[in-house]
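Have a look at this one before I ask anything.
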Amino acid sequence: MTVADEESALLGLAPVAPDRTVAYGPHPDQLVDLYLPRPGDSAPATARGPVVVLLHGGFWRAAYDRRHLSPLAAELAGRGLPVALAEYRRVGAGGGAPQTFEDVAAGIDAACAALAPESPDPSPVLVGHSAGGHLALLAAARPDTPVARVLAVSPVADLARAHALGLSCGAVAELLGDGPGFPARLAAADPAHRPPAGIPVTLLHGTDDPDVPLELSRRYAARGPATTVLRELPGVGHYAPVTPGSPSCDALIRLLTSAV
């Protein structure tokens, strides 16, 4: 698969329906889809791992929703992991700062409560892709976070640099609201300036990512605590790491299941 083919390969997968969906608020996007480990899967019930909360990307815009990560959610559930695929309010449909950030925190709490019977470990692993990687890193920095570890895939890990580069036609300014007070909002929402304390963070990033440059993960890792690890994927673009069946997605799955 070439880098140019990665997006069509992911979006060409049929969405997988969840086992059930729970709401954590009145807005139609305040939802969490639950994917439960099934009898006969590769990991027996006694070996099930922690709750995995998936956060999708799309540069925080309402045009992109969680469905493209449903095949990954189902794949992880098939490996014995209880999975929550979280939706949240996004720019253009009631989201942006601070609503998007508030929803992610509430969605994580709702996922943990809903999947508690499925896992012996109450502390979730956050897996975020692209803008979802930014949201995962930011959520893990909450003072009261229940998060055990973070796997940020192709993440917008340095928000100031993403804004300076004008990624996706000014997506950062859209998220935070351009105008008076923007520098303060940018600093508050930038995970590069708010690393999670004592929480292991793994960044998984393709060297040929055309949408979110590898530079952002390298900058985060260079400034991050000793619990931060960057794993670069040679020749890989933006979408393959979250596309089941690709070698780079296999690497993601190994990182999640190796501790189970």
Would you call Asp158 and Arg219 a salt bridge, taking side-chain N to carboxylate O under 4.0 Å as the test?
yes

When the ring centroid of Phe182 is compared with that of His163, is the distance short of 6.0 Å?
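Yes, the ring centres sit under 6.0 Å apart.
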
Quick one: CG on Asp33 to OG on Ser70, what's the gap to the nearest 0.5 Å?
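Reported to 0.5 Å precision, the distance equals 8.0 Å.
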
Rounded to the nearest 0.5 Å, the CG atom of Asp211 sits from the OG atom of Ser168 at a distance of 8.0 Å

So, Glu87 side chain and Arg66 main chain: donor-acceptor pair closer than 3.5 Å or not?
yes

Going by distance alone, is a donor N or O of one side chain under 3.5 Å from an acceptor N or O of the other, for Thr227 and Arg149?
no

Ignoring hydrogens and angles, tell me if any N or O in the side chain of Arg61 forms a donor-acceptor pair with the backbone of Gly92 under 3.5 Å.
no

Any donor-acceptor pair under 3.5 Å linking the side chain of Glu232 with the backbone of His205?
no

Check: Ser246 side chain, Thr243 main-chain N or O, donor-acceptor pair, under 3.5 Å
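Judged by distance alone, yes, a pair lies under 3.5 Å.
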
Hey, can you pull the donor-acceptor pairs under 3.5 Å for the side chains in residues 110-117, sequence neighbours left out?
none

Could you tell me whether the side chains of Asp5 and Thr2 share a donor-acceptor contact shorter than 3.5 Å?
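There is such a pair (donor and acceptor under 3.5 Å, judged by atom type) between the side chains of Asp5 and Thr2.
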
Check residues 131-144 and write down every donor-acceptor pair under 3.5 Å in which the side-chain atom is one partner and the other belongs to a residue at least two apart or another chain.
from, atom 1, to, atom 2, distance (Å)
His134, ND1, Trp60, NE1, 3.3
His134, NE2, Ala189, O, 2.8

Side chain Thr100, main chain Gly95, donor-acceptor under 3.5 Å:
no

Could you tell me whether the side chains of His27 and Gln99 share a donor-acceptor contact shorter than 3.5 Å?
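Their side chains do not contain a donor-acceptor pair, so the 3.5 Å distance test is not met.
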
Just by modelled atom types, is the Glu215 backbone N or O under 3.5 Å from a matching donor or acceptor in the Arg161 side chain?
no

